[in-house]
Amino acid sequence: MSGCGGRAKGCFEQVPSYSGCQEPLWSGAMSLYDTDFFAWAQQQAQLLRAGQLADADIEHIIEEIDSMGRREKRELLSRLAVLLMHLLKWQAQPMLRGNSWRATIQVQRREIKRHLADNPSLKAKLPEILADAYGDAKLLASRETGLEESSFAVALPWSFEQAMDDEFWTESHATDRLI
């Protein structure tokens with residue numbers, strides 16, 4: 001077992017891993033999940049494909065699936081915060097507008113569209129996510145512009161559809177479009 005990193009100590013059961021090396025399902029206080037996540041994930045996938053559900057680490061699999069869902073939500077929130085921050089900066093500092101801000105806005109819109117296409121159930125959570133993202137965007141825009149956070153609208157001044165519209169650019173009014 002020394003070729004497996006010595007994780008066999010205290011092992012109750014062993015299954016072949018993706019590499020053919022015998023890896024313990026449970027190893028004393030530390031499991032493969034705790035010591036080598038990649039190997040654990042490969043092992044669990046192998047067990048599930050083989051229909052060996054009784055041998056699978058169901059508790060950690062559930063934890064990881066839950067975590068994956070939260071990660072997808074956090075990614076959407078983060079991308080929306082970056083988009084909204086740049087729209088706020090675009091509106092607040094017209095003399096500083098440049099290709100970098102424009103590119104960031106365009107790329108974030110594209111990435112958000114892709115992310116929602118891959119995770120359509122997140123659309124139901126948009127009001128909550130948008131509110132959180134706008135709060136983050138105000139903090140970030142305040143830091144980057146040097147303006148007080150209170151100089152930005154209390155609530156998001158645009159609809160999600162406007163913020164995502166490739167033709168929408170904030171000017172002096174929230175509904176203006178760049179021509």
Side-chain angles (χ1 to χ4, degrees), residues 18 33-34 36-46 48-49 56-179:
Y18 67 96
Y33 176 82
D34 296 314
D36 187 343
F37 182 79
F38 179 77
W40 172 85
Q42 296 296 309
Q43 179 188 68
Q44 297 310 304
Q46 180 181 341
L48 293 175
R49 276 192 289 279
D57 184 358
I58 299 299
E59 183 179 323
H60 283 128
I61 292 171
I62 292 167
E63 182 179 316
E64 289 304 317
I65 291 171
D66 284 342
S67 177
M68 288 169 50
R70 288 188 304 274
R71 199 166 31 247
E72 296 303 320
K73 183 179 172 185
R74 276 193 309 272
E75 181 177 340
L76 178 59
L77 188 146
S78 177
R79 290 193 177 281
L80 281 168
V82 171
L83 170 63
L84 297 175
M85 174 194 58
H86 278 80
L87 288 172
L88 287 171
K89 290 181 355 178
W90 189 273
Q91 184 177 42
Q93 296 183 316
M95 300 304 287
L96 297 177
R97 293 175 185 163
N99 289 333
S100 176
W101 288 1
R102 181 186 308 274
T104 297
I105 290 168
Q106 291 169 325
V107 167
Q108 291 306 312
R109 285 174 171 161
R110 291 170 55 95
E111 290 293 332
I112 291 166
K113 288 173 186 173
R114 284 187 200 115
H115 195 71
L116 287 172
D118 290 343
N119 301 281
S121 64
L122 284 173
K123 291 176 185 174
K125 300 214 176 268
L126 272 173
E128 165 196 337
I129 296 170
L130 268 173
D132 286 345
Y134 184 64
D136 293 349
K138 287 192 309 182
L139 289 170
L140 293 167
S142 174
R143 184 176 306 135
E144 289 198 15
T145 63
L147 299 171
E148 293 295 322
E149 187 181 341
S150 61
S151 65
F152 299 106
V154 172
L156 180 63
W158 317 287
S159 68
F160 173 74
E161 291 74 20
Q162 284 176 309
M164 292 299 296
D165 183 346
D166 292 334
E167 300 299 317
F168 175 77
W169 296 88
T170 66
E171 298 296 335
S172 57
H173 302 294
T175 58
D176 285 351
R177 292 175 183 265
L178 183 65
I179 298 178

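Below, all heavy atoms of this structure are taken into account, side chains as well, without hydrogens, waters or symmetry copies. Just so it is clear, the structure is predicted and the values come from calculations on it, not from any experiment.
Residues Trp101 and His86 approach most closely at CD1-CD2, 3.8 Å, considering heavy atoms. The nearest pair of heavy atoms linking Arg109 to Phe168 is NH2-O, 2.7 Å. The nearest pair of heavy atoms linking Tyr134 to Ala155 is CE2-C, 3.5 Å. Ala133 and Leu77 get closest at one heavy-atom pair: CB-O, 3.7 Å.
From Phe152, atom CZ reaches atom CE of Met85 across 10.5 Å, with rounding to the nearest 0.5 Å. Within the model, atoms CG of Leu80 and CG of Leu130 stand 5.5 Å from one another, a figure rounded to the nearest 0.5 Å. Here the CG-CZ distance, from Asp66 to Arg71, works out to 11.0 Å after rounding to the nearest 0.5 Å. Distance check: Thr104 OG1 to Arg102 CZ gives 11.5 Å after rounding to the nearest 0.5 Å. The CG atom of Leu83 sits 6.5 Å away from the CE atom of Met164 when rounded to the nearest 0.5 Å. From Gln91, atom CD reaches atom CG of Leu88 across 7.0 Å, with rounding to the nearest 0.5 Å.
Between Leu84 and the options Leu140, Leu156, Ile105, a side-chain contact (heavy atoms from CB on, under 4.5 Å) holds for only Leu156.
Partners of Phe37 under the ring pair (Phe, Tyr, Trp, His ring centres under 6.0 Å) rule, at least two apart in sequence or in another chain, are Tyr33, Trp40.
Here the side chain of Trp158 pairs no donor or acceptor atom with the backbone of Ala163 at under 3.5 angstrom. The backbone N or O of Asp57 lies less than 3.5 Å from a partner atom in the side chain of Gln44, making a donor-acceptor pair. A donor-acceptor pair is defined here as one N or O able to donate and one able to accept, closer than 3.5 Å; no such pair exists between the side chain of Arg79 and the backbone of Gln108.
Salt bridge Asp132/Lys73: absent, no basic N to carboxylate O contact under 4.0 Å.
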Indicate every side-chain donor-acceptor pair of residues 118-126 with a distance under 3.5 Å to a residue at least two apart or in another chain.
residue, atom, partner, partner atom, Å
Asn119, ND2, Glu72, OE1, 3.2
Asn119, ND2, His115, O, 3.0

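Applying the side-chain hydrogen bond (donor to acceptor under 3.5 Å, both in side chains) test to every pair with at least one member in residues 136-151, sequence neighbours left out, gives these pairs: Lys89-Glu144.
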